[in-house]
Asker: 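This is the structure I have questions about; it appears just below.
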Amino acid sequence: MRSILVTGGSGFIGSNFLHFVLARRPDWRIVNLDSLSYSGNRENHAGLEGDPRFRFVHGDINDRALVDELMRECEAVVHFAAESHVDRSILDPRPFIETNVLGTQTLLESLRRAGGRRFLHVSTDEVYGSLPLGDPESRFSEETPLNPHSPYSASKAASDMIALSYQHTFGLDVLVTRCSNNFGPYQFPEKVIPLFVTNLIDGEPVPLYGDGLNVRDWLHVEDHCEALLAVLERGKGGRVYNIGGSNERSNLELTHLVLDIMGRGREMIRPVADRPGHDRRYAIDARRIRSELGWAPSRSAWPQALAATIQWYVDNERWWRRIKSGEYRTYYALQYGAR
Ligand code: NAD
Ligand code: DAU
């Protein structure tokens, strides 16, 4: 039996990863360490709680004693835990440094002491910065210099470099993945797709930033999970793997499609002030993971995959309504109230 420590498994991608891996690797055991920050939700893995192959530990990745204890039990670590929302990093950058930078270093230090374990650091295409709209052929490759622009992406870039420095200096088995924008079930409704869908269910307008022409490369979360499993099992230590779906859409195009699928008109769009420092375009060159590991997306076909995701939020109203009723209201007023 293989024993994996997952951090941040109560969030969006982490919880999808737990379900994905336990369904495909029946002899694996997973311990999920998660502090249940505002975006962590135990309901995301409620269906796994009776499974003897799964254990949830409520704790912080900065708790060194706890991390040391869990590290001893596992053969590999998949590290998702992070502050993940760009807009929150503009409101208050500090937690991003504490979790993304210091938390990652705490895990790596524990790994260094334990030795002999594989560490998969889950990162983002945002570390590369922004591509121009006028050069549609340009893409981020693994060799593109890091040029992060937001406190979120700067904290992720720092953690990537620290992780790779532990590989280079201490010979640890570290890998880094950098993925484009994910969509799918269990995404916290601060991110654009679940925010817009749940607003529309409630008959509220959708706040579109700036001119709406910013471009994102959308990948279904299960395609991301499949890529992570391939990297964990077959990736080459010390390597960075970009992950993306070649599915570029402007925010305006995405918004129009969401409105059409949900049978709502263009009058539901509320143009609002742009995000400060808003990256214009992300696009991934995923040739390395495709050729070395044979990975290719199979669940991201547009618009069917988007329609299925929208349907998930329609069918799981209880899940997001609970989230939207608490601290979320304060956040929403702060983020959008005076915009
Ligand atoms: P999320 O915000 O939904 O989940 C983050 C999880 O980490 C939550 O469960 C939270 O409780 C937990 N967490 C936060 N601080 C913690 C701490 N100090 N100790 C323990 N747990 C803590 O985020 P997500 O969208 O699932 O992203 C997961 C990872 O994937 C992040 O590292 C993010 O940078 C990366 N990523 C996300 C995307 C995307 O489109 N969402 C794309 C590429 C990469
Ligand atoms: O590229 C990967 C990244 O994708 C991840 O590293 C991040 O964790 C994840 O949050 C996501 O970052 P983005 O900033 O691209 O995602 P977000 O859903 O916040 O915004 C997507 C686009 O939609 C972006 O151009 C901003 C715009 N937007 C967003 C919100 C929340 C709006 O126009 N209105 C909104 O209300």
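Note that this is a predicted model, so its numbers are computed, not measured. We count ligands from 1, going down the list as the structure has it; atoms in each ligand are counted the same way. Values below: all heavy atoms of this structure, side chains included; hydrogens, waters and symmetry mates excluded.
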Asker: Answer yes or no: does atom NE2 of His168 have more than 12 heavy-atom neighbours from other residues, nucleotides or ligands under 6.0 Å?
Answerer: no
Asker: Nearest heavy atom to atom 33 (C) of ligand 1 wins, so pick from Tyr186, Tyr152, Phe188.
Answerer: Tyr152
Asker: Run down the list Ser123, Ala82, Ser84 and name the one with the heavy atom closest to atom 5 (C) of ligand 1.
Answerer: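 Going through Ser123, Ala82, Ser84 one by one, Ala82 has the nearest heavy atom to atom 5 (C) of ligand 1.
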Asker: Applying side-chain hydrogen bond (donor to acceptor under 3.5 Å, both in side chains) between His121 and each of Thr104, Asp160, Thr177, report the one that passes.
Answerer: Asp160
Asker: For Asn181, which part has a heavy atom under 4.0 Å from ligand 2: side chain, backbone, both, or neither?
Answerer: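 Looking at Asn181 and ligand 2, atoms from backbone and side chain both fall under 4.0 Å.
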Asker: Suppose we measure from atom 20 (O) of ligand 2 to each protein heavy atom; which comes out shortest, and what is that distance?
Answerer: Arg275 NH2, 3.9 Å
Asker: At a 4.0 Å threshold, what atoms of ligand 2 neighbour a non-hydrogen atom of Asp125?
Answerer: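 Near Asp125, the atoms of ligand 2 are 1 (O), 2 (C).
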Asker: Checking the N or O distance criterion of under 3.5 Å, is ligand 1 in contact with Leu33?
Answerer: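 No; the residue has no nitrogen or oxygen that sits under 3.5 Å from a nitrogen or oxygen of the ligand.
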Asker: Give the numbers and elements of all ligand 2 atoms closer than 4.0 Å to a heavy atom of His85.
Answerer: 19 (O)
Asker: Distance under 4.0 Å to a non-hydrogen atom of Tyr336: what atoms of ligand 2 satisfy this?
Answerer: 30 (C), 31 (C), 35 (C), 36 (O)
Asker: Measure the CZ-CG distance between Phe56 and Leu18 for me, rounded to the nearest 0.5 Å.
Answerer: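 The distance works out to 10.5 Å.
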Asker: So for His278, does at least one of its heavy atoms come nearer than 4.0 angstrom to any atom of ligand 2?
Answerer: yes
Asker: List every atom of ligand 2 that sits less than 4.0 Å from any heavy atom of Leu208, numbering the atoms from 1 in the order shown and giving each element.
Answerer: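 Every atom of ligand 2 under 4.0 Å from some heavy atom of Leu208: 33 (O).
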Asker: At under 4.0 Å between heavy atoms, which part of Leu36 makes contact with ligand 1: side chain, backbone, both or neither?
Answerer: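 For Leu36, only backbone atoms sit under 4.0 Å from ligand 1.
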Asker: Pairs under 3.5 angstrom only: tabulate donor-acceptor contacts from the side chains of residues 254-264 to other protein residues two or more places apart or in another chain.
Answerer:
{"from": "Thr255", "atom 1": "OG1", "to": "Asn251", "atom 2": "O", "distance (Å)": "2.6"}
{"from": "Asp260", "atom 1": "OD1", "to": "Arg266", "atom 2": "NH1", "distance (Å)": "2.9"}
{"from": "Arg264", "atom 1": "NH1", "to": "Leu200", "atom 2": "O", "distance (Å)": "3.2"}

Asker: I'd like to check which ligand 2 atoms, numbered from 1 as shown, lie under 4.0 Å from a non-hydrogen atom of Tyr152.
Answerer: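 The atoms of ligand 2 under 4.0 Å from a heavy atom of Tyr152 are 5 (C), 6 (O), 7 (C), 8 (O).
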